Every structure is written in C-alpha cells, then in structure tokens.
Amino acid sequence: MDSCKSEEMLVARGIKPTANRIVVVKALAAAERPMSLSELEGKILSIDKSGIFRALAVFKENHLVHVLEDGGDGVRYELCRSTSSHVDDDQHAHFFCEMCRQTFCLDGIAVPMVELPGGYHARSVNYMVKGVCPACAAKGKGLR
C-alpha cells in the first residue's frame, strides 16, 4: 500500500494522517495475518513501541483496526475492511495455531449471530478457533 492510499484510508475514518500513523497503516496492510504489538515493533524500526501503540489506539477508536485476543500471548491487530468509522461491519472468524502461536484470518467465515438475553449489549465479538494450522500439520506437529 502506498502512502497516498494510506492517507486516504486514515482521512476517510476521520484520523489525521501523521507520518507515524501512515507507517503503521502500511505495516498492517503488508501483514499477511493479525500482528501483535511486539511483531509490529520488530517490523517498524523507525517508531518506538509507545508511538505504535498510540497509533493503534486511535485506529481502534475509529474502527480502522480489529483488536483480537488471540487465545495465546495477548492481543493482535489487523486492518478492518469496514467502510464505517462508527461500526465494525467486517466481523470474521480467526484461527489460533497452538503450535506456531500464529493467528490467521478466516475471511470467508462470518461470525455467527448470537442472541443475547435482555439487558446485554454487545460491543465487539472475538470468534477464535484454536487448533493446528496447515503448515504445522504438514510438519506432523501437534497431531497426536
């Protein structure tokens, strides 16, 4: 993703396109899977951890990223394909590999609707399937 497209994405969500935010958006767009803060820190050497975290917090507020609990070591972030800065309409399932500890998007699998009892109001959904990914299964890991 080039800088112009990154800026457009930020502006469309009402986010001021600072140099740091553009770098973080580009790193998330280049990622093939949801990334942890430490993984992003390893890929973005020009910004310190707190700068990356501040950008992610703004992105979360404006529904530019999904924040998912990965079932392992913390949270991961991925760009949201929703077109709204108010509602996240890009809910999909994720898969956490218990062997390689990576989280993968399952874009084609929608999060099922859950009917909540009266008085409950959902704000987000984290639909995580855990098991062994195809790469680890091919190596024979975790199949016993």
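As the structure is a prediction and not an experimental result, all values here were calculated from the model.
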> Are L64 and L28 close enough, and set up right, to give a side-chain contact (heavy atoms from CB on, under 4.5 Å), and what steps lead you there?
CA-CA 11 Å; L64 182 58; L28 287 168; over 6 Å; no

> So, using side-chain contact (heavy atoms from CB on, under 4.5 Å) as the criterion, who are the partners of L45 when residues are at least two apart?
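Checked L45 against side-chain contact (heavy atoms from CB on, under 4.5 Å); zero matches.
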
> For a 4.5 angstrom cut-off between non-hydrogen side-chain atoms, does T103 reach M128?
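In short, these two side chains touch, coming nearer than 4.5 Å.
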
> Apply side-chain contact (heavy atoms from CB on, under 4.5 Å) to M9 and I15, showing your working.
CA-CA 9 Å; M9 184 181 285; I15 302 170; over 6 Å; no

> Is there a donor-acceptor contact under 3.5 Å linking the side chains of D48 and S50?
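Note: D48 and S50 side chains meet the donor-acceptor criterion.
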
> Hey, does H94 have a side-chain heavy atom less than 4.5 Å from the side chain of L106?
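No; the side chains remain at least 4.5 Å from each other.
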
> Tell me, do Q102 and F95 make a side-chain contact under 4.5 Å, heavy atoms counted?
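With C-beta onward as the side chain, the pair stays apart.
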
> Let's go through M35 and E78 carefully: what are the C-alpha distance in whole Å and the side-chain angles of both, what is the deciding distance for side-chain contact (heavy atoms from CB on, under 4.5 Å) to 0.1 Å, and is it a yes or a no?
CA-CA 7 Å; M35 304 288 286; E78 69 175 331; over 6 Å; no

> Given L10 and K16, is the side-chain contact (heavy atoms from CB on, under 4.5 Å) satisfied, shown in steps?
CA-CA 7 Å; L10 291 165; K16 183 179 178 182; over 6 Å; no

> To the nearest 0.5 Å, what is the distance between CG on L56 and CD on E61?
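Separation between the atoms: 12.0 Å.
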
> What heavy-atom pair brings V23 and S46 nearest, and what distance separates the two atoms?
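Minimum heavy-atom separation between V23 and S46: CG1-OG, 4.4 Å.
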
> More than 12 non-hydrogen atoms from neighbouring residues, nucleotides or ligands closer than 6.0 Å to CZ on F104, yes or no?
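Result for CZ/F104: enclosed.
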
> Which atom names give the shortest non-hydrogen contact between A137 and V132, and what distance separates them?
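Scanning both residues completely, I find the closest heavy atoms to be N-CG1, 3.6 Å.
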
> Are any non-hydrogen side-chain atoms of N20 and I52 less than 4.5 angstrom apart?
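Result no, sub-4.5 Å side-chain heavy-atom pair not found.
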
> State the SG-NE2 distance between C80 and H63, to the nearest 0.5 angstrom.
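Answer for the SG-NE2 pair, C80 versus H63, is 8.5 Å.
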
> Is C100 close to C133 at the side-chain level, that is, under 4.5 Å between some pair of heavy atoms?
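Of all side-chain heavy-atom pairs linking C100 with C133, at least one is under 4.5 Å.
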
> Would you say V24 and I22 make side-chain contact, with heavy atoms under 4.5 Å?
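SC-SC contact between V24 and I22 ruled out.
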
> Just grab all the salt bridge (charged side-chain N to carboxylate O under 4.0 Å, His left out) pairs involving residues 23-41, residues at least two apart or on different chains.
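Sorted pair list: R33-E39, E39-R76.
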
> For the residue pair V75 and L37, establish whether any side-chain heavy-atom pair is separated by less than 4.5 Å.
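No - every pair of side-chain heavy atoms lies 4.5 Å or more apart.
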
> Do Y120 and V114 share a hydrophobic cluster (ILVMFWY, side-chain heavy atoms under 4.5 Å, transitive)?
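Yes, Y120 and V114 fall within the same hydrophobic cluster.
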
> Enter the distance from K60:NZ to Y77:OH here, rounded to the nearest 0.5 Å.
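Answer rounded to 0.5 Å: 7.5 Å.
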
> Please examine the side chains of F59 and V25, heavy atoms only from C-beta on, and report whether any two atoms are closer than 4.5 Å.
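Answer yes - side chains close enough.
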
